[in-house]
Protein chains: 2
Amino acid sequence: MARYRVGLETRERILSATRRLVSELGVEGVTLKAITDEAGVGAGSFYNLFDSKEAAVFEIVREAIEAVDPDPAGEGTDTLEDLVDAFVTFMTDAGPIARIYLQLAVGRGLVDPVIGARTLRSHRRRVERFADAARRQDPTLGRADADVLAETLLAGLTGLGITSLLDPGFHMAAHAQRLLARTAASVDAPRG
Amino acid sequence: MARYRVGLETRERILSATRRLVSELGVEGVTLKAITDEAGVGAGSFYNLFDSKEAAVFEIVREAIEAVDPDPAGEGTDTLEDLVDAFVTFMTDAGPIARIYLQLAVGRGLVDPVIGARTLRSHRRRVERFADAARRQDPTLGRADADVLAETLLAGLTGLGITSLLDPGFHMAAHAQRLLARTAASVDAPRG
DNA sequence: TACATATTGGAGCGTTCACTCCAGATCTGC
DNA sequence: GCAGATCTGGAGTGAACGCTCCAATATGTA
């Protein structure tokens with residue numbers, strides 16, 4: 001939507017403001033006015049660049065997820081451990097944004113079909129990446145088994161992530177490492 | 001708050017209406033007016049019986065969770081499998097209410113400190129019940145190990161529940177059974 | 001029956017807030 | 001430096017909605 005340089009700069013100012021405010025107050029806690037005031041622009045400028053308040057929020061979440069991607073180019077060089085680490089990093093280091101992500105993906109995705117479909121799509125892509133990494137590490141692993149492993153691992157990570165955001169004292173990294181070790185082990189030797 | 005018979009009946013009508021509407025439209029999607037219209041009462045009657053719209057929603061979620069409890073009396077007779085089954089039943093059979101539960105616990109709990117604290121408390125209670133059941137089944141299991149097992153298992157179940165609500169084709173029961181088998185097995189033989 | 005207490009409906013209050021509109025300023029390619 | 005597109009602020013719109021208030025009525029109790 002932005003074509004001129006000033007427009008692109010304004011866009012960045014708005015995204016920074018949105019990131020700051022939404023991190024602190026959550027999606028519902030932030031008004032459009034707060035964002036435009038913080039960015040030093042009028043509402044008209046905002047709507048010249050974004051379709052809605054939500055669109056700006058989606059954008060900052062997207063950027064935050066992309067920032068921790070261990071293989072942004074999609075070259076297939078990431079290991080299962082890389083992916084788990086990235087997930088943990090996102091949940092712990094990008095805490096406030098991770099909160100927003102879950103608020104949107106779970107809180108809204110379960111109610112709004114459009115957001116739900118979007119969430120499901122990105123979930124499926126993530127499962128596939130986890131499964132691919134698992135098969136690279138253990139070529140004897142069948143596609144179906146790898147999918148189940150990936151689905152289970154991701155489910156566990158998501159649950160741990162939620163707990164970690166609810167409980168500041170929760171040590172997600174340790175739990176995630178144990179989870180990865182167990183999940184992988186149970187594939188090598190299905191009944192220990 | 002209700003003392004007279006008519007009040008108790010009104011309370012039930014309001015809860016039924018809330019259950020119906022909120023199941024269909026989500027918490028934010030339902031207005032107080034919709035609830036009172038559906039229940040055939042005025043706003044005054046509603047507020048005579050409930051502190052807020054939210055209070056009524058919490059109540060129906062509480063009742064739905066209680067309804068699947070395999071050991072409501074807390075006699076310590078439930079097995080790990082019972083608890084996993086109850087969780088799966090809640091997520092699949094009570095689908096619409098489970099949606100509301102997650103919407104509140106995750107979507108709101110991560111933003112509103114009061115709801116967050118409440119969610120964390122019930123999470124801790126649930127971890128304890130899972131851990132107790134695990135130790136009854138395997139008395140050699142240490143308390144710390146049981147807690148880790150419970151925490152991990154619950155995290156996985158939560159993640160699977162979210163996926164199951166997002167993806168109608170997802171077979172949660174099968175994944176949960178596998179998860180239980182693997183989690184338990186990995187404790188008996190930590191490194192397969 | 002008389003009295004205290006509970007219940008009732010629903011008008012309306014007070015507020016919030018995303019978004020529209022548009023005239024004028026600014027930009028960029030030619 | 002001109003034309004046409006883009007960008008700008010911010011007043012204003014319009015709708016939403018949780019909750020209060022209270023006089024009238026119903027209920028239970030002694």
Side-chain angles (χ1 to χ4, degrees), chain A residues 1-61 100 103-104 107-108 111-112 114-115, chain B residues 1-61 100 103-104 107-108 111-112 114-115:
Chain A
M1 264 172 129
R3 304 268 162 87
Y4 294 172
R5 195 175 41 76
V6 276
L8 292 168
E9 284 166 6
T10 301
R11 192 185 133 89
E12 286 312 310
R13 277 216 310 288
I14 289 174
L15 286 176
S16 293
T18 305
R19 197 176 298 115
R20 261 195 304 273
L21 289 169
V22 160
S23 293
E24 194 180 341
L25 304 163
V27 184
E28 322 288 329
V30 173
T31 64
L32 194 78
K33 182 159 186 344
I35 293 174
T36 52
D37 283 356
E38 174 92 2
V41 303
S45 308
F46 183 96
Y47 284 98
N48 181 47
L49 296 163
F50 297 92
D51 286 342
S52 63
K53 175 182 132 181
E54 220 161 57
V57 176
F58 276 126
E59 178 61 14
I60 62 163
V61 171
I100 303 306
Q103 197 184 343
L104 288 176
R108 297 281 296 282
V111 173
D112 180 332
V114 176
I115 299 185
Chain B
M1 264 173 130
R3 305 265 165 89
Y4 291 172
R5 194 176 42 77
V6 278
L8 292 168
E9 283 166 9
T10 301
R11 192 185 132 91
E12 286 312 311
R13 279 215 309 290
I14 290 173
L15 286 176
S16 294
T18 305
R19 198 177 297 116
R20 262 195 304 273
L21 290 169
V22 160
S23 292
E24 193 179 342
L25 304 162
V27 184
E28 321 289 328
V30 173
T31 63
L32 194 78
K33 183 162 184 344
I35 293 174
T36 52
D37 283 357
E38 174 92 0
V41 303
S45 308
F46 182 96
Y47 284 97
N48 181 46
L49 296 162
F50 297 93
D51 285 343
S52 63
K53 174 181 133 181
E54 222 161 55
V57 176
F58 276 127
E59 177 61 14
I60 62 163
V61 171
I100 303 307
Q103 197 185 343
L104 288 176
R108 298 281 297 285
V111 173
D112 181 330
V114 176
I115 299 185

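In the text below, chain A, chain B and the rest are named by the order of the sequence lines, each starting its count at 1. Just so it is clear, the values below take in all heavy atoms, side chains as well, and ignore hydrogens, waters and symmetry mates. Worth saying up front: this structure is predicted, and the values here are computed from it rather than measured.
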- Out of curiosity, Thr10(A) OG1 to Asn48(A) CG, how far, rounded to the nearest 0.5 Å? 8.5 Å
- Task: Rounded off to whole Å, could you give me the CZ-to-C1' distance for the Phe46(A) and dC21(C) pair?
- Result: 17 Å
- Message: I want to confirm an ordering. Mapping Tyr47(A) and Arg13(B) to their closest nucleotides on DNA chain C, which one lands closer to the 5' end?
- Response: Arg13(B)
Kindly give the atom pairs (protein nitrogen or oxygen, nucleotide nitrogen or oxygen) under 3.5 Å for nucleotides 1-7 of chain C.
unit_1, atom_1, unit_2, atom_2, d
dT5(C), O2, Tyr4(B), OH, 3.4
dA6(C), OP1, Arg3(B), NH1, 2.5
dT7(C), OP1, Arg3(B), N, 3.0
dT7(C), OP1, Tyr4(B), N, 3.3
dT7(C), OP2, Met1(B), O, 3.4
dT7(C), OP2, Asn48(B), ND2, 3.3

- Just one of Arg11(B), Lys53(B), Arg19(B) clears the salt bridge (Lys or Arg N to Asp or Glu O under 4.0 Å) bar with Glu59(B), so which one? Arg11(B)
- Might you point out which heavy atoms bring Ala56(B) and Phe46(B) nearest each other, and give the distance in Å? CB-CZ, 4.0 Å
- Rounded to the nearest 0.5 Å, what's the gap from CG on Asp112(B) to CG on Leu104(B)? Could you check? 10.0 Å
- Message: As a test of understanding, state which of Arg20(A), Lys33(A), Arg13(A) forms a salt bridge (Lys or Arg N to Asp or Glu O under 4.0 Å) with Glu38(A).
- Response: Arg20(A)
- Identified side chain to side chain contact (heavy atoms under 4.5 Å, CB included) counterpart of Val57(B) within the set Val30(B), Leu21(B), Leu15(B), Val22(B): Val22(B)
- Item | Sub-4.0 Å heavy-atom contacts from residues 23-39 of chain A onto DNA chain C, ordered by number | Val30(A), Thr31(A), Leu32(A)
- Taking 5' to 3' order, which nucleotide of DNA chain D is first and which is last to have an atom within less than 4.0 Å of a heavy atom in chain B? dC17(D) to dG28(D)
- Query: Is any side-chain heavy atom of Asp51(A) less than 4.5 Å from a side-chain heavy atom of Phe58(A)?
  - Reply: no
- Leu32(B) vs Tyr47(B) side-chain heavy atoms within contact, under 4.5 Å: yes
- List the steps, then state whether side-chain contact (heavy atoms from CB on, under 4.5 Å) holds for Glu54(A) with Arg108(A). CA-CA 12 Å; Glu54(A) 220 161 57; Arg108(A) 297 281 296 282; 2.4 Å; yes
- Note on the structure: Between the CZ atom in Phe50(A) and the CD1 atom in Ile35(A), the distance rounded to the nearest 0.5 Å is 9.5 Å
